[in-house]
Amino acid sequence: MKKRVFSGIQPSGNLHIGNYLGALKNWVASQENFDNVFCIVDLHAITVPQDPKILKQKIREIAGIYFAAGIDPKQSTVFVQSDVSAHAELAWILNCFTPMGWMGRMTQFKEKSEDKKENVSVGLFDYPVLMASDILLYDTDEVPVGEDQKQHVEITRDIAQRFNSIYGETFKLPLPVIPKAGARVMDLLEPTKKMSKSDDRPGRTLPLLASTDELRSAIMGAATDSQKEIRFDLDRPGVYNLLEIYEGVTGLDRKEIEAKFEGKGYGEFKKDLAEKVIEFLQPFQKRYRELTQNPDDIDTLLQEGAEKARPIAEKKLNEVKSKVGLG
Ligand code: TYM
């Protein structure tokens, strides 16, 4: 029996190179060795305001991106979270076993709610419990995600352990799997901040569906520093970030990359990085354009995915309900 992988992406904003290197690339790379479940987490997306028309489009866009990146519907179950109601149901039950104090420690909530204060939705606060439900419904072994989601996988383990200790072995404890390169790609203009798909100001991110001109200009305009050497040095976040993107898209090791740019200037390095990013994204963008010519095909794949996911999720939900004494 293959081990199970579960992961997901929110259908909001524009997916960027960080989402690719932090998550998607690794889903595809290990796809053959696992039993994979990949979700488009639309219920997570509505924890902040969304335009209904755009949300619907984004769900299909993300599905197109999954398939164009190499997710194979024969090897992986791909579906939309709201199509399988067990996710929301389990989240309610797990809410009742999750202390407020645990949730209050989530750094992503603190960051996302900072400027909204009292207006922030209960859903945003509760978001990690829904994520725990996603993962626990499928007896997940591994959760491949970027660095920012590690804390959420850890709280998933805590919630599972708590439930198991009350009701006996019910949930498998999942492990976060974080990639070596590209686990936390930073904003190109403010490299001390994470690259964010909800930030649509030009020059900050490298959107997966951007034109070559846009990609080139964002890389050429990326913040560096007043030093000269092109080295992986965490104290120089701008250059470090660009080098890490280089590492992620080429697969070269760090020593090789440093040797390649020894004695060279930032201009030359950035030009080469832009070409490498474009080479990396072009075949993906071509597949995306081909696939999305027939949107009905994507809808069919998503429906088939939901049909496969539903019985697995419902079985676990029923086990939980019966243990808790519901119904
Ligand atoms: P989301 O939609 O914000 O991001 C999707 C994936 O991309 C990774 N990521 C990054 N990796 C590297 N550098 C970055 N700058 C960067 N930004 C984002 C994220 O770590 C993630 O892997 N809560 C999740 C979605 C989710 C989920 C799940 C994931 C819901 N349920 C169950 C795994 C398992 C989220 O908002 O990801």
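Start at 1 and go down the list; that is how both ligands and their atoms are numbered. In what follows, every heavy atom counts, from backbone to side chain, and hydrogens, waters and symmetry copies are set aside.
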(message) Please determine whether the number of non-hydrogen atoms from other residues, nucleotides or ligands lying under 6.0 Å from atom NZ of Lys150 exceeds 12.
(response) no
(request) Search all heavy atoms of Glu169 against all heavy atoms of Asn164 and return the closest pair with its distance. (result) OE2-ND2, 3.7 Å
(request) Show which atoms of ligand 1 fall inside a sub-4.0 Å distance from at least one heavy-atom site of Ala183. (result) 11 (N), 12 (C), 13 (N)
(message) Can you confirm, on distance only, whether ligand 1 has an N/O atom lying under 3.5 Å from any N/O atom belonging to Phe6?
(response) no
(request) Would you indicate whether Trp92, at its atom CH2, is surrounded by more than 12 heavy atoms from other residues, nucleotides or ligands within a distance under 6.0 Å? (result) no
(message) Tell me whether Lys3 at atom NZ has more than 12 heavy atoms from other residues, nucleotides or ligands lying less than 6.0 Å away.
(response) no
(request) Taking atom NZ of Lys323 as the centre, report whether more than 12 heavy atoms of other residues, nucleotides or ligands fall under 6.0 Å from it. (result) yes
(request) Answer yes or no: does atom NZ of Lys271 have more than 12 heavy-atom neighbours from other residues, nucleotides or ligands under 6.0 Å? (result) no
(request) Among all protein heavy atoms, pick out the one at the shortest distance from atom 23 (N) of ligand 1; state its residue, atom name and that distance to 0.1 Å. (result) Tyr127 OH, 2.5 Å
(request) Report, in ascending order of atom number, the atoms of ligand 1 lying under 4.0 Å from any heavy atom of Gly22. (result) 11 (N), 12 (C)
(request) Go through Gln50 and Ser12 one step at a time and tell me if the side-chain hydrogen bond (donor to acceptor under 3.5 Å, both in side chains) criterion holds. (result) CA-CA 8 Å; Gln50 300 291 345; Ser12 57; 4.5 Å; no
(message) So, applying side-chain contact (heavy atoms from CB on, under 4.5 Å) with His44, which one of Val48, Val41, Ile40 is it?
(response) Val41
(request) Please report which non-hydrogen protein atom sits nearest to atom 25 (C) of ligand 1, along with the residue it belongs to and the distance in Å to one decimal place. (result) Gly8 O, 3.6 Å
(message) Under 4.0 Å from a heavy atom of Ile9: which atoms of ligand 1 are those, numbered in the order shown and with their elements?
(response) 2 (O), 5 (C)
(request) Check whether more than 12 heavy atoms from other residues, nucleotides or ligands sit under 6.0 Å from atom NZ of Lys110, and answer yes or no. (result) yes
(message) So for ligand 1, is Met195 a polar contact partner (N or O within less than 3.5 Å, distance only)?
(response) yes
(request) Starting from atom 20 (O) of ligand 1, find the nearest protein heavy-atom neighbour and note its residue, name and distance. (result) Asp148 OD1, 2.4 Å
(request) Check each atom of ligand 1 against the heavy atoms of Gln10 and keep those under 4.0 Å away; list them by number with element. (result) 2 (O), 35 (C), 36 (O)
(message) I need the atoms of ligand 1 closer than 4.0 Å to a non-hydrogen atom of Lys197, numbered in the order shown.
(response) 1 (P), 2 (O), 3 (O)
(request) Of the side chain and backbone of Ile135, name the one, both, or neither that has a heavy atom under 4.0 Å from an atom of ligand 1. (result) side chain
(request) Write out the residue and atom name of the closest protein heavy atom to atom 6 (C) of ligand 1, then the distance separating them to 0.1 Å. (result) Ala23 CB, 3.8 Å
(request) Pick, from Leu130, Ile40, Asp134, the option with the minimum heavy-atom distance to atom 31 (N) of ligand 1. (result) Asp134
(request) Give the residue, atom name and distance (to 0.1 Å) of the protein heavy atom nearest atom 10 (C) of ligand 1. (result) Gly18 O, 3.6 Å
(message) One thing to verify: whether Glu154 and Arg157 come together as a salt bridge, which I'm taking to mean a side-chain N less than 4.0 angstrom from a carboxylate O.
(response) no
(message) Please list the nearest protein heavy atom to atom 9 (N) of ligand 1 with its residue and the distance rounded to 0.1 Å.
(response) Asn19 ND2, 3.6 Å
(message) Under 4.0 Å, heavy-atom basis, I'd like to know which part of Val185 is in contact with ligand 1: side chain, backbone, both or neither.
(response) both
(request) Would you please determine whether Leu21 falls within less than 4.0 Å of ligand 1 on a heavy-atom basis? (result) no
(request) Say whether Gln149, considering both its backbone and side-chain N or O atoms, lies within less than 3.5 Å of an N or O atom on ligand 1. (result) yes
(message) With respect to Gly146, determine whether any N or O atom, backbone or side chain, lies less than 3.5 Å from an N or O atom of ligand 1.
(response) yes
(message) Out of all atoms in ligand 1, which are within 4.0 Å of some heavy atom of Val143? Include the element for each.
(response) 33 (C), 34 (C)
(message) Taking atom NZ as the centre, does Lys264 end up with more than 12 heavy-atom neighbours from other residues, nucleotides or ligands that are less than 6.0 angstrom away?
(response) yes
(message) Show the atoms of ligand 1 that are less than 4.0 angstrom away from any heavy atom in Lys194.
(response) 15 (N)
(message) As a test of understanding, state which of Lys172, Lys2, Lys316 forms a salt bridge (charged side-chain N to carboxylate O under 4.0 Å, His left out) with Asp139.
(response) Lys316
(message) Could you identify the single nearest non-hydrogen protein atom to atom 28 (C) of ligand 1 and state the distance to 0.1 Å?
(response) Met131 CG, 3.5 Å
(message) Distance to the ring centre below 6.0 angstrom and angle to the axis at most 45 degrees; does that hold for Arg4 and Tyr138?
(response) no
